[in-house]
Amino acid sequence: MDVVFVASEAVPFAKTGGLADVAGALPRALEHQGHRVAVFLPGYRRAKGAGLELVDTGLTVRVPVGARLVMGSILQSRLPGSEVPVYLIDQPGYFDRDGLYGNGIVDYDDNSARFLFFDRAVLEAIPILRLCPQVIHCNDWQTGLIPVYCRTLYRHVPELAAAGTLLTIHNLAYLGLFSHWDMTLTGLDWHLFNWRQLEFHGKLCFMKAGLVFADLLSTVSPTYAREIQTAPLGSGLEGLLRHRRADLFGIVNGIDPQAWSPAHESMLARRYDAETVVDGKARCKAWLQHTAGLAERAEVPLFAQIGRLDPQKGWDLLAAVADRLMGRDVQLIVLGVGHPKYHDLLSELARRYPGRFWARLGFDDELAHQIEAGADLFLMPSLFEPCGLNQLYSLAHGTVPIVRATGGLADTVVDANTRTLADGTATGFCFTEPTPEALWQTIERALDLWPDRDAWLKLMRTGMNADWSWDRSALDYVRLYEEISLRHPSRTAPPQAGEATSRPLTRLGTS
Ligand code: ADP
């Protein structure tokens with residue numbers, strides 16, 4: 001297959017969350033399976049300064065943004081460890097900024113112009129680069145207008161004629177909502193601004209645009225694919241998603257075994273695998289305790305959490321049980337950045353529990369690996385979690401996850417109960433109700449099992465031996481690409497309001 005993969009972030013160019021891990025790894029896995037993939041990213045300051053090989057192709061695009069004609073240059077790089085070309089759309093006015101989407105406090109007020117420019121620039125660049133994709137794989141709201149443009153302003157471009165579109169939802173909490181007046185920036189006809197197409201409660205909604213116009217839709221776990229068809233996780237788009245449920249699939253993200261395996265990570269105090277996990281983790285734990293200024297005690301359970309300090313990640317539940325947890329003989333390490341109220345909470349915990357609690361408020365990729373390797377348990381009580389990567393990284397490191405059974409967490413962690421402990425399938429601890437009591441009872445279950453070192457080791461090894469590599473997920477994506485290229489409608493006319501893509505689809509068994 002010939003695939004163009006469009007994302008607003010990708011490792012190692014620019015990252016704020018899991019989307020970047022996916023965009024950095026899936027194209028490589030696809031290439032590995034013999035497909036031709038090209039990746040497009042915005043030419044952020046961070047991406048250009050990432051220290052990667054970068055050449056100016058000398059090619060440019062000109063994109064109408066309202067009444068302006070905005071120029072972009074095409075820079076070329078490569079996904080490390082592959083031949084996958086990465087094209088950065090360089091437009092300093094839009095992308096030469098510190099942040100990707102905002103300044104850390106508020107979103108940039110020209111995000112609609114920035115990303116509609118990016119979306120059109122990709123479609124302008126495809127013929128110039130002589131690409132002929134069968135599928136354009138779009139990701140999240142930032143790329144949501146691409147399926148619309150493909151069916152409207154760009155439907156007669158020969159290089160795009162064979163291209164169907166897939167939109168993958170990485171997080172439906174972010175819709176890309178803008179003033180209706182921004183329709184004038186898009187160059188799209190106002191007749192598309194209606195409740196069945198681009199309009200959402202009076203606003204222009206990039207995510208909805210993609211959900212209506214893409215040939216197929218996917219999200220990053222089967223459970224989340226079901227959850228977003230109902231309120232509240234559907235974010236108001238649950239009706240549309242139910243309407244398109246035959247076209248909606250759930251494919252769990254993979255992990256990059258080179259990047260996230262304790263056998264390969266160069267930053268660890270000791271590398272280890274499932275055979276050597278006892279010694280290896282003990283060494284990594286001692287290093288972590290030392291680095292964090294915690295007592296170097298092997299026998300104390302070391303809990304960790306890494307991620308955005310956002311209500312989504314269950315921080316209010318964690319805040320409610322923090323004192324109870326610290327009342328036990330445990331240690332806790334947190335790496336994260338986000339909402340000021342959680343910064344305050346973590347600073348307060350550090351003050352109250354010196355030598356047992358450590359928080360690093362910032363973004364530190366190397367430390368994230370070291371925490372995954374050194375910790376014993378990983379707390380992930382998310383209110384919702386489209387897929388979640390940290391529980392997968394935890395499993396790979398023999399760090400037992402405690403998760404709320406939602407989205408991808410429900411699909412990837414097997415709760416340790418009498419049956420699963422006996423049959424050897426248990427990998428972590430799960431709870432359902434989003435309450436502090438449910439979280440606390442689950443933490444207590446984990447603490448009860450902790451002294452049983454044989455059972456604990458089995459739990460660690462089962463998690464470490466599970467296959468969450470990208471090869472498995474990439475195969476599922478290829479099946480979607482094949483469906484798209486078989487069935488995407490001809491580009492003669494935009495779909496009418498409310499028109500569903502009608503041909504039956506072979507179910508993949510993943511949604
Ligand atoms: P989300 O995409 O919702 O933020 P995921 O669990 O899917 O959550 O992915 C988060 C990714 O970002 C993981 O790779 C995680 O290690 C990384 N990450 C999040 N916060 C930090 C941080 N403060 N420092 C380093 N890595 C982080």
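Numbering of ligands and ligand atoms starts at 1, following listing order. For this chain, numbers begin at 1 and follow the sequence in order.
The six-membered or imidazole ring of Tyr101 lies away from that of Tyr108, with a centre-to-centre distance of 6.0 Å or more. In this structure, Tyr393 has its ring center no closer than 6.0 Å to that of Trp468.
A donor-acceptor pair shorter than 3.5 Å cannot be found between the side chains of Lys281 and Thr276.
Using the six-membered ring where Trp is involved, His137 and Tyr477 have ring planes that are tilted, between 30° and 60° apart.
Partners of Ser112 according to the side-chain hydrogen bond (donor to acceptor under 3.5 Å, both in side chains) rule, which considers only residues two or more places apart in sequence or in another chain, are Asp182.
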At less than 3.5 Å, what protein N or O atoms come close to the N or O atoms of ligand 1? Include the distances to 0.1 Å.
residue, atom, partner, partner atom, Å
ligand 1, 2 (O), Gly18, N, 2.6
ligand 1, 3 (O), Arg308, NH2, 2.8
ligand 1, 3 (O), Lys313, NZ, 2.8
ligand 1, 4 (O), Arg308, NE, 2.8
ligand 1, 6 (O), Leu389, N, 3.0
ligand 1, 7 (O), Leu389, N, 3.4
ligand 1, 8 (O), Lys313, NZ, 3.0
ligand 1, 9 (O), Gly18, N, 3.4
ligand 1, 14 (O), Lys15, NZ, 2.8
ligand 1, 14 (O), Asp21, OD2, 3.1
ligand 1, 16 (O), Asn390, OD1, 3.2
ligand 1, 23 (N), Gly362, O, 2.7
ligand 1, 24 (N), Asp364, N, 3.0

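Contact of the Asp364 side chain with the Glu366 side chain is registered, since non-hydrogen atoms from C-beta on lie closer than 4.5 Å.
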